Amino acid sequence: MLDIRLIREQPETVREGLTRVGADPSMVDQALALDGRRRELDTEAASLRAERNAGSKRIGGIKDPAERDAYRAEMRALGDRIGEIEKALTGVEEDQRQLLLTIPNLPLPEVPYGVDDRENVVVRTVGEPRTFDFEPKPHWEIGAQLDILDIERGVKLSGSRFYVLKGAGAALQRALIALMLDLHTGQHGYTEIYPPAVVREECLVGTGNLPKFGDNLYRDIEDDLWLAPTAEVPVTNLHREEILDGAQLPIRYVAYSPCFRRERMSAGRDVRGIKRGHQFDKVEMVKLCTPETSREELDSLVNDAEDVCRALAIPYRVVQMCTGDLSFVAAIKFDLELWAPACGPEGGEWLEVSSCACFTDFQARRASIRYRPEPGAKPAFVHTLNGSGLALPRTLIAVLENYQNEDGSVTIPGALRPYMGGRERITRAEAL
RNA sequence: GGAGAGAUGGCUGAGUGGUCGAAAGCGGCCGCCUGCUAAGCGGUUGUAGGGGUGUUAAGCCCUUACCCCGGGUUCGAAUCCCGGUCUCUCCGCCA
């Protein structure tokens with residue numbers, strides 16, 4: 001949510017920002033109209049209430065019964081009038097809130113301009129894609145032959161976009177999760193969190209998934225709860241409606257969690273393999289920090305995520321989103337993409353395994369997450385950031401496809417071996 | 001699922017139609033004192049909106065709202081009434 005004062009005082013800046021991300025700048029004018037009306041009603045209601053408060057205090061002092069009754073009637077009429085104005089005010093306030101909840105965040109000035117994902121900028125590419133002296137197979141073939149990935153039975157259980165990991169496949173995913181958590185907690189200073197996978201509506205409003213993107217979420221109508229599409233939601237909301245001590249910032253959390261997405265908007269996309277499922281696991285990093293440090297915290301966040309790619313020794317690249325490809329909430333965003341040699345339409349493909357973004361105070365304002373810069377100082381909104389570290393299915397794809405051997409076996413990356421009982425390979429025999 | 005209790009400021013915890021944004025204590029902050037020092041004294045200390053002054057600053061002034069949420073009664077509600085939500089305790093069930 002943008003600060004209404006920013007819209008009021010620098011409308012042109014906001015219009016420019018909205019235009020840069022491809023949003024409708026006239027939302028600024030709608031917001032200003034509502035804001036003007038809101039303040040008008042607020043001022044009027046406040047002054048009438050002041051009048052009534054003063055009047056009510058005097059009532060006890062009036063001796064003459066007739067005079068007192070008349071005065072009472074007067075106050076009652078005043079009260080009715082206040083009631084009407086308050087009703088109008090409540091309506092305008094709600095309209096304004098709803099509008100503000102649908103206005104996207106503004107991009108940082110450094111974000112390159114672009115209309116859509118074709119104008120994203122590759123910042124750096126690390127590692128050389130392996131050259132194969134045989135035809136590399138896509139992961140769904142590798143997984144089926146090793147009997148570690150069962151897509152058909154996943155569909156039987158739960159429908160399309162579900163799958164089952166079996167034997168060494170399940171163990172490999174578990175090893176990846178453990179590696180990531182150990183790396184981020186042990187070397188990068190994150191505190192591990194195990195959050196609920198099911199959250200209240202306010203949490204999703206806080207992170208910006210609602211009200212605009214509810215169609216990508218699973219919902220339990222009976223208890224009015226939602227399945228979290230990412231650990232970002234519960235973890236960012238840990239400090240919702242709190243005022244943190246400035247001295248405890250930055251806060252860095254890392255959480256492993258299942259994620260649930262309807263993917264209705266992606267019908268027909270990425271249908272083969274396990275690249276895009278309704279349920280997947282992810283290790284997610286979340287940071288809360290002061291506005292002064294958020295930019296450098298983003299760089300270190302990206303680096304922390306890259307560390308996983310480096311540990312796995314798989315080629316990857318860092319891509320900066322242009323203004324047109326920022327999410328609704330992000331002010332600046334970098335994606336990490338792992339190389340997968342065989343699962344794309346024409347062979348090799350870069351797989352998005354992490355989105356690292358700074359949301360400035362956009363989420364913090366929605367979720368009311370504040371901090372006190374100094375003892376006794378006024379509370380201010382924190383900046384929030386998050387990034388995957390990493391998303392499991394696609395990382396699994398990259399491991400299987402990059403480390404496959406001609407005989408159909410898969411070599412286990414060195415960093416994962418301690419988590420798999422020292423094993424070096426997954427073969428058909430071992431999987432069974 | 002059954003029964004009961006409760007929801008007040010950063011925390012603990014009073015309050016009961018107006019003089020209550022709310023006692024007291026703790027914690028925080030500022031200052032003072034001090035050869036009894038893991039102490040003492042004094043002051044101060046919630047959040048948000050609007051208006052005014054000010055350089056669209058800091059600061060200051062005025063005002064309104066907020067004692068879980070939403071309605072109602074009343075000239076006036078933290079306080080009374082109704083509805084809801086949440087939390088806790090006990091019983092049952094259960095990984």
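In the text below, chain A, chain B and the rest are named by the order of the sequence lines, each starting its count at 1. Only heavy atoms go into these numbers, but all of them, side chains included; no hydrogens, no water, no symmetry mates. Source: prediction; values computed, not measured.
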Next on the checklist: Could you tell me the Watson-Crick or G-U partner of B:G76, where both distances fall under 3.5 Å? Say none if there is no partner.
Outcome noted: none
Next on the checklist: If you assign each of A:T90 and A:R200 to its closest nucleotide in RNA chain B, which residue comes earlier from the 5' end?
Outcome noted: A:T90
Next on the checklist: With nearest nucleotide decided by heavy atoms, which residue, A:E9 or A:T43, maps closer to the 5′ end of RNA chain B?
Outcome noted: A:T43
Checklist outcome for this item: The nucleotide from B:A48, B:C75, B:A65 with an atom nearest the side chain of A:R370 is B:A48
Checklist entry - Is any side-chain N or O of A:R72 closer than 4.0 Å to OP1 or OP2 of B:U74? => result no
Next on the checklist: Give me the distance, rounded to whole Å, that separates B:G70 from B:U85 when you measure between the P atoms they each carry.
Outcome noted: 15 Å
Checklist entry - Looking at the rings of A:F260 and A:F280, which for Trp means the six-membered one, are their centres under 6.0 Å apart? => result no
Checklist outcome for this item: With the side chain defined as heavy atoms from C-beta on, A:R38 is closest, among B:A65, B:U63, B:G50, to B:G50
Checklist entry - For atom CZ of A:R310, is the number of surrounding heavy atoms from other residues, nucleotides or ligands below 6.0 Å larger than 12? => result yes
Next on the checklist: With a cut-off of less than 4.0 Å, is there a side-chain N or O of A:R8 near OP1 or OP2 of B:G50?
Outcome noted: yes
Checklist outcome for this item: Regarding the side chain of A:P379, the nearest nucleotide among B:U47, B:G49, B:G51 is B:U47
Item to check | Strand partner of B:G31, provided both Watson-Crick or wobble distances fall under 3.5 Å | outcome: B:C41
Checklist entry - Does OP1 or OP2 of B:G49 have a side-chain N or O of A:R97 closer than 4.0 Å? => result no
Checklist entry - If we take the P atom in both B:A58 and B:G52, what is their distance in whole Å? => result 16 Å
Checklist outcome for this item: note: A:R365, atom CZ; B:G49, atom C1'; distance rounded to Å ~ 15 Å
Checklist outcome for this item: Atom CD of A:E242 and atom C1' of B:G46 are separated, to the nearest Å, by 16 Å
Next on the checklist: Quick check on the 6.0 Å ring-centre criterion: do A:F359 and A:H383 meet it?
Outcome noted: no
Next on the checklist: With a 3.5 Å distance limit and no angle check, can you tell me whether A:R161 reaches the backbone of A:R276 through a side-chain donor-acceptor pair?
Outcome noted: yes
Next on the checklist: Please report the distance separating the P of B:C80 from the corresponding atom of B:A7, rounded so that it comes out in whole Å.
Outcome noted: 11 Å
Checklist entry - Does a side chain donor of either A:Y256 or A:D281 reach within less than 3.5 Å of an acceptor in the other side chain? => result yes
Checklist entry - Does the ring center of A:F328 lie less than 6.0 Å from the ring center of A:F213? => result yes
Checklist entry - Roughly how far apart, to the nearest Å, are B:C29 and B:A48 at atom C1'? => result 22 Å
Next on the checklist: Suppose you measure atom C1' in B:G17 against the same atom in B:C67; what distance do you get, rounded to whole Å?
Outcome noted: 15 Å
Checklist entry - Just checking, any donor-acceptor pair under 3.5 angstrom between side chains of A:T384 and A:K287? => result no
Item to check | A:Y71 and A:R58 side chains, donor-acceptor separation under 3.5 Å | outcome: yes
Next on the checklist: Between B:C81 and B:A95, how many Å separate the two C1' atoms, rounded to a whole number?
Outcome noted: 44 Å
Tabulate atom names and distances for all N/O pairs under 3.5 angstrom spanning the protein and nucleotides 76-80 of chain B.
unit_1 : atom_1 : unit_2 : atom_2 : d
B:G76  : O4'    : A:S56  : OG     : 3.4

Item to check | Gap between atoms CD1 and C1', on A:I82 and B:A65 respectively (whole Å) | outcome: 12 Å
Next on the checklist: Donor-acceptor pair, distance only, cut-off 3.5 Å: does the side chain of A:N402 make one with the backbone of A:A398?
Outcome noted: yes
Next on the checklist: I'd like the P distance from B:C88 over to B:U12, given in whole Å.
Outcome noted: 14 Å
Item to check | For B:A5, the Watson-Crick or wobble partner whose two distances fall under 3.5 Å | outcome: B:U87
Item to check | C1' atoms of B:G9 and B:C26, separation to the nearest Å | outcome: 13 Å
Next on the checklist: Need the pair for B:C26. Rule: Watson-Crick or G-U wobble, both distances under 3.5 Å, any strand; none if unpaired.
Outcome noted: B:G10
Checklist entry - So what's B:G17 paired with, Watson-Crick or G-U wobble, going by both distances under 3.5 Å? => result none
Item to check | Spacing of A:D245 atom CG relative to B:C11 atom P, expressed in whole Å | outcome: 14 Å
Checklist entry - Could you give the NZ-to-C1' distance, from A:K57 to B:G18, as a whole number of Å? => result 9 Å
Item to check | Counterpart base for B:C93, defined by Watson-Crick or G-U wobble contacts under 3.5 Å | outcome: none
Checklist outcome for this item: pair_partner(B:C66), Watson-Crick or wobble, both distances < 3.5 Å, evaluates to B:G46
Checklist entry - Can you tell me the Watson-Crick or wobble partner of B:G54, both distances under 3.5 angstrom? => result none
